[in-house]
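Both backbone and side-chain heavy atoms feed into the values below; hydrogens, waters and symmetry mates do not. Numbering of ligands and ligand atoms starts at 1, following listing order.
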Amino acid sequence: MSELIAFIGIGNMGLPMAENLMKSGKKIRVFDASKSTIEIAQKKNLDVVENLSDLVTTDVTTVITMLPEGKHSKEVFLGESGIINKVSKDCLLIDCSTIDIQTSKEIGKKATENGIKMIDAPVSGGVMGAQKATLNIMVGGTKEAFDLALPLLKIMGKNIFHAGELGSGNGAKICNNMSLGITMIAASESLMLAKRLNIDIKKVHEIMKNASGNSWPISVYPPLPDLIKGTPSNNNYRPGFSAGMMNKDLKLAYECAKSVSADTPLGKMALEIYEKFCKDGNDDKDFSAISKVIGGDAWDYPIE
Ligand code: NAD
């Protein structure tokens, strides 16, 4: 059977990932629930279908999903017109969404019962990583399924890790993003303090990039404009990775920690800060816009 990829969820991350697969010569069809997103994909010359049942047919060899939350993955895989009952047994399922471990395992269990291979494969590296195909991809699933998925994952990412059994990809990703949420707040606090101490922010940023206070938010994705080109902070905090998504991931981390009686006070505090930020109507801003709250009146740049 010739290779055919069905890709579902072509938002901020899914679109560049699907484009990289197309550009590598793979036969790929895409679908998204949002009409405006479908129009963007059409302009990028992707083969778009307008409903899920046209997308997932028995000749599909791989399904890749890049959806916001567990409830979306569950609906797409297990719902009324769910994928699990539509694909052939030879089809490989790759869920790249960041979702809760339980949902990931539940979908995987159902797939296994139907004789279908599945991995969870959440990613990190942001939209820039998706565009440049330099994503870090964290895989949960059997070694056999991992090996099968590897050639496709290598087209979308640079570092591909086999974290363990199904659900471990999301477990690893949740741990990673708890750190990311905390370090974005930490970077914002440090730069705000520098500003209040009247030290040139650009100099402090350069120093931190080369010193022990470095972190991904400092070296790649600073929360303030004019430090590194191409970041959401230079684009009025258009995501990128939305504050709503970070709030979701910090909630996932909090729930995971509770489930194994792990004490994560900074993760909890980061969740409270992002929760309030989202409640105040900022879910759709990039998560680096948290710097505005941290900085208060230290900043003179706008967040619209
Ligand atoms: P997004 O909101 O931009 O894209 C998600 C897309 O899924 C949307 O276009 C939406 O219309 C579509 N969708 C939702 N329900 C659907 C359904 N039932 N059927 C078809 N399409 C549906 O989100 P994103 O930023 O691309 O993130 C996607 C996932 O990747 C999330 O789990 C997020 O946590 C994770 N992630 C995002 C980033 C980032 O920087 N944006 C980085 C790493 C991981």
Check: Just by distance, with hydrogens left out, do N176 and S179 show a side-chain donor and acceptor under 3.5 Å apart?
Finding: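 No, no side-chain donor-acceptor pair sits under 3.5 Å.
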
Check: Does a donor on one side chain sit under 3.5 Å from an acceptor on the other, for N282 and Y237?
Finding: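 Note: N282 and Y237 side chains miss the donor-acceptor criterion.
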
Checklist line | Linked, directly or transitively: V139 and F7 (ILVMFWY side chains, under 4.5 Å) | finding: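 Linked, V139 and F7 end up in one cluster.
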
For [atom], which protein heavy atom lies nearest, and how many Å away is it?
{"atom": "atom 3 (O) of ligand 1", "value": "N12 N, 2.9 Å"}
{"atom": "atom 35 (C) of ligand 1", "value": "T98 OG1, 3.6 Å"}
{"atom": "atom 14 (C) of ligand 1", "value": "P68 CD, 3.6 Å"}
{"atom": "atom 42 (C) of ligand 1", "value": "M13 CE, 3.6 Å"}
{"atom": "atom 21 (N) of ligand 1", "value": "A33 N, 3.1 Å"}

Next item on the list: State, to 0.1 Å, how close C256 and I174 come at their nearest heavy-atom pair, and which atoms those are.
Entry: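 The pair with the smallest heavy-atom distance is SG-CD1, 4.0 Å.
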
Note to self: Testing the basics here: between R29 and T57, what is the closest heavy-atom pair and its distance to 0.1 Å?
What the structure shows: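 Closest pair (atom of R29, atom of T57, distance): NH2-OG1, 2.8 Å.
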
Relative to [atom], which among [options] owns the nearest non-hydrogen atom?
{"atom": "atom 41 (N) of ligand 1", "options": "G126, G240, S34", "result": "G240"}
{"atom": "atom 18 (N) of ligand 1", "options": "V123, N51, V76", "result": "V76"}
{"atom": "atom 13 (N) of ligand 1", "options": "V30, N170, L67", "result": "L67"}
{"atom": "atom 11 (O) of ligand 1", "options": "D32, V127, D95", "result": "D32"}

Note to self: Side chain, backbone, both or neither: which applies to E69 and ligand 1 if a contact is any heavy-atom pair less than 4.0 Å apart?
What the structure shows: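 The answer is neither; E69 stays 4.0 Å or more away.
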
Check: Using a heavy-atom cut-off of under 4.0 Å, does the side chain or the backbone of I8 touch ligand 1, or both, or neither?
Finding: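 It is the side chain that touches ligand 1; the backbone stays farther off.
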
Close-contact set for ligand 1 against [X] heavy atoms, below 4.0 Å:
{"X": "F31", "answer": "19 (N), 20 (C)"}
{"X": "G9", "answer": "7 (O)"}
{"X": "F241", "answer": "34 (O), 37 (C), 38 (C), 39 (C), 40 (O), 41 (N)"}
{"X": "H72", "answer": "15 (N)"}
{"X": "K248", "answer": "31 (C), 32 (O), 33 (C), 34 (O)"}
{"X": "G11", "answer": "3 (O), 4 (O), 6 (C), 9 (O), 26 (O)"}
{"X": "K173", "answer": "43 (C), 44 (C)"}

Next item on the list: Over 60° means perpendicular and under 30° means parallel, so classify the ring planes of F146 and H162, tilted if in between.
Entry: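 Parallel, since the angle between the ring planes stays under 30°.
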
Check: Ignoring hydrogens and geometry, is there a side-chain-to-backbone donor-acceptor pair from S104 to I101 under 3.5 Å?
Finding: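 Checking the backbone N and O of I101 against the side chain of S104, no donor-acceptor pair under 3.5 Å is found.
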
Item checked: Backbone N/O of G295 and side chain of K195: donor-acceptor pair under 3.5 Å ->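 Not confirmed, K195 side chain does not pair with G295 backbone.
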
Checklist line | Side chains of D286 and T231 in contact at under 4.5 Å (non-hydrogen atoms) | finding: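 Not in contact.
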
Next item on the list: Would you mind checking if K203 and E206 are paired as a salt bridge, meaning a charged N to carboxylate O distance below 4.0 Å?
Entry: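 K203 and E206: not salt-bridged.
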
Notebook entry, point to check: Are K251 and E255 within salt-bridge range, i.e. N to O under 4.0 Å?
Noted result: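 Salt bridge flag = no for E255 with K251.
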
